[in-house]
There are 2 protein chains.
Amino acid sequence: MSPSRRLTGPHPTLATVAERAGVSRQTVSNALNNPELLREDTLARVQAVIEELGYTPNRAARALRTRASHMIGLRFEPAQEGTSNALIDRFVHSLVEATARTGHHIILFSGDPDDLLDGYDELLRATAVDAFVITDTYAGTPQVDLLDRVGAPFVTFGRPWDDPSAKYPWVDVDGARGAELATEHLIAAGHQRIAWLGWEKTSRIGEDRRSGWSRALAAAGIDAAGLGVRITDNVDAARMAAHELLEDGTVTGFACASDTIAIGVLHALAERNLRPGADVGVVGFDDSLGAQVTWPGLTSVRQPLEQVAIEVIDLLHTVLSLKTPENPARMLEPSLVVRRSTRRD
Amino acid sequence: MSPSRRLTGPHPTLATVAERAGVSRQTVSNALNNPELLREDTLARVQAVIEELGYTPNRAARALRTRASHMIGLRFEPAQEGTSNALIDRFVHSLVEATARTGHHIILFSGDPDDLLDGYDELLRATAVDAFVITDTYAGTPQVDLLDRVGAPFVTFGRPWDDPSAKYPWVDVDGARGAELATEHLIAAGHQRIAWLGWEKTSRIGEDRRSGWSRALAAAGIDAAGLGVRITDNVDAARMAAHELLEDGTVTGFACASDTIAIGVLHALAERNLRPGADVGVVGFDDSLGAQVTWPGLTSVRQPLEQVAIEVIDLLHTVLSLKTPENPARMLEPSLVVRRSTRRD
DNA sequence: CTGAAAGCGCTAACAC
DNA sequence: GTGTTAGCGCTTTCAG
C-alpha cells in the first residue's frame, strides 16, 4: 500500500503526478530525465499529466539531490558613471539570452569593492551556484586562482594576461586586431599621421590594443613617433590630449582605446571648429551607446558580445559535464561599425 | 550512539560542525537561526567551529525545507541598441547592491519577447524564486495580474498607470515633476518659448512627463501652443523635429522626454551652428551615459535609482514576511543635473 | 536550553 | 520497463 498523500499546497509534486498517472514517482522522474527508459504509451500518459497539472520539478529538491543548482554566478560591480563604456551590461544581456537555451540561470552578486574575491566563496560553499563567469580579468585574475584552488568551474571573458600559457577556459576578443582595423580604416580614408589615444601602460588590454595600431602603421610604412599617447579613460583627459596633438596641424586621425576617449577627441574638434570625418577621422572602441548617439556618429570597433556569451556558455557546459573542452581558448574577431566620424563626404 | 558520519566531501555540513563542536545538529541550526536560544558559551563554541570550518548552510537544503529560496527574479530583456537609455541596467546594478544587504540574490531570466508573461510561471512552479521585481510597467501590467492570480509576491518599479487605485506595492519616480524641474530651469535661464519633445500619446510615462512641462509653462504665464511635439524615441526623429521648431527663430528652449531625444536636438543645433547653452537650452531625461559624455554636456533629469532599488527591496522584504507595508505606494523625486547645454556663459 | 525524529521533493541504485 | 528504498542537508515539531 503506497502512502499516497494528496498535497493541498499550490504546487504539484512528483507524487501528485505519479498518483494521477497511475505510476510510481520514479517513473515520473524518468519521464523527465530519462524518457528513453519508458514505454511509449506510459511516457505519453505521464507527459499528459505533467502538462495538465503544470508540473515543474522543484529546483531546491533537485539541486539537493543532484548537487547541481543550474545557477551561474556573476559578480556585478556597481555602475560606472561618466564613461560611455557599459560593455558588461550588454554582455550580461547576451549572457542571459545564451543561458536561456541551456536551462541555466544567471545569478548576480556583489562584493566588497576592495576585495576582488569577496562573494565567490560563500556562494560556492552554499552550493548556490555550479560555476562562475568572470569578467574582470583586466585587473589580474586572483579569482581564477581562488576558484582553481577550490576546484570550482568557471569560464572567463578575457584572456589570461598574466600567464598566456594558463589552461583554463576563456573567451576573448582580439583587441589588437580591433585597433588595427580602426587604423587601417583611417589609412584607407587617406589619413597618414594617425594618433593613438590609449590607456596607461599598466593596462594589458590597453597595451594590446595599442599594438594593433603600431602594427597597422608599420605595415603602411608610417612613422608612429610621438603619436602614441597614454591617458586615463575620461572625456576631459582625452579632450586635452587631442588639443595637444592637433596643435601642429599634421595629425588628422585618431584611433582610440575607448569610445569615452574618442568622444573626448570629438569635443576637442568641436572646440577647434574642425569637422569630424571631413577634417579629422576618429575611431572609438566598443560601439557603446555613446558612440551610437553622439554627434555626428562615431565609428567604433565592436566586440561580438552575443557570440562571446554563446561561447562562454558552451565552454561552461562542457566543463560542467566534466569533459575537457576541445578548444578552451577562444579568440573572437571584432568588427568595425562605420559612422560619420570617419567619412570624408 | 549518534550515527556521526564524517563527510569527506568538500563542504562541511551541519553534522560536521555539530560533531566538531560536540553538540547536536539542531543546536548548530539554532546557533544560525535562533542564536538567542543558546547559552552564551555554547554559542561561542559553535560559532568558532563554523568560522574555522568555513561552514555555510546549503541553500538547496534550506530552501527545500523552508520553502524560501531567497532569490528574486527579474526578467531581463535583450539589450536595446540605438538609444542612450540604459536605465534598467543602472537599476539592476543598484538592485544587486540593495539585495546584498538582505541576503537575497537577483536571478535574471529571459522570456519570449512576444509574451510578456513568459518565464514567470516556470520559476515560480519550480520554487526557484520567492518574488519578482517588475520593471516594464509602461507596457501595461499583465504580469501583475498573473502574479496576483497565482499569489506570488512582487514589487514594481513603475506605478499602476492603468489603475491608479491598484493596491500592490510599487516604487516610482515623479516624471512630471522632473519635466517641471527641467522647464523651470530653462525659464530661470531666461528662455520663454520652450518646446516639449516627447513620446507618442500612447505612452503614459510620456504624457505624464509632458504634463510637468505644461504645468511649469502655465505657472509662468507662457503660452504652450504649438510647442508640444510628439515623436518616436530616436535621435533622428528628434533632430528633424528640432529643425522644424527652430525654423522661425523664436524657440530657444527644449525640454525632452529622454536623453536620446535631447541629443537629437543637439545634433540639430550643431547643424545650424547654434551653441547649446548660449543660444538654445536643452534638457534631457534620465542622465544616461550619453548625457554625461556628449558634447558639450547635457543637462538632464536624474532618477534616484539607488533609492528606488532600496525602496523596492524594502517593500519586498515586508511583503515576503507576510506583513502589509505601511506605505505600499512610494513616489520619489527626481533631480536636475546641470551641464553646459543650459549654461549661458 | 539541548536532543531525537520526521520529512521537504527529488533522483541514484537496485530489485522485481 | 517499472516500483521500492534510501538519503541529499536542513529546520520544525516535540521530548527531555
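Basis for what follows: all heavy atoms, side chains included, without hydrogens, waters or symmetry-related copies. Throughout, protein chains are lettered first and strands after them, A, B, ... in sequence-line order, and every chain is numbered starting at 1.
- When rounded to the nearest whole Å, the span between CG of A/N58 and C1' of D/dC10 equals 14 Å.
- For A/E122, the salt bridge (charged side-chain N to carboxylate O under 4.0 Å, His left out) criterion is met by no residue, not counting sequence neighbours.
- Going from atom CG of B/L37 over to atom P of D/dG16 covers 19 Å, rounded to whole Å.
- Salt bridge absent: B/D41 and B/R45 never bring a charged side-chain N and a carboxylate O closer than 4.0 Å.
- Checked against the 6.0 Å centroid criterion, the rings of B/F109 and A/H105 do not qualify as a close aromatic pair.
- Note on B/D314 versus B/R330: salt bridge recorded, some NZ/NE/NH1/NH2 to OD/OE distance being below 4.0 Å.
- Pairing each heavy atom of A/L124 with each of A/L147, the nearest pair is CD2-CD2, 3.9 Å.
- The phosphate of C/dG3 (OP1 or OP2) has a side-chain N or O of B/T27 nearer than 4.0 angstrom.
- Place B/A61 and B/R45 on DNA chain C by their nearest nucleotides, and B/R45 ends up nearer the 5' end.
- Between the CZ atom of B/R59 and the P atom of C/dG9 there is a distance of 20 Å, rounded to whole Å.
- In this structure, B/L64 reaches the bases: a heavy-atom distance under 4.0 Å links it to at least one base atom across the strands shown.
- The nearest whole Å value for the distance from the CZ atom in B/R125 to the P atom in C/dC10 is 12 Å.
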>> One pair to check against side chain to side chain donor-acceptor pair (under 3.5 Å): B/N33 and B/R62. What are the steps and the verdict?
In response: CA-CA 11 Å; B/N33 305 314; B/R62 183 177 263 185; 3.2 Å; yes

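- We find that CZ of B/R67 is positioned 20 Å from P of D/dG9, with the value rounded to whole Å.
- Not a single donor-acceptor pair under 3.5 Å links the side chain of A/R90 to the backbone N or O of A/E306.
- The separation between A/D41 atom CG and D/dG1 atom C1' is 10 Å, rounded to whole Å.
- As judged by a 4.0 angstrom heavy-atom cut-off over every strand, A/T127 is placed among residues making no nucleic acid contact.
- Residue B/S24 places at least one side-chain N or O under 4.0 Å from the OP1 or OP2 atom of C/dG3.
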> Quick one: what's the B/S/- string for nucleotides 11-16 of chain C, heavy-atom cutoff under 4.0 Å, read 5' to 3'?
Replying inline: BBB---

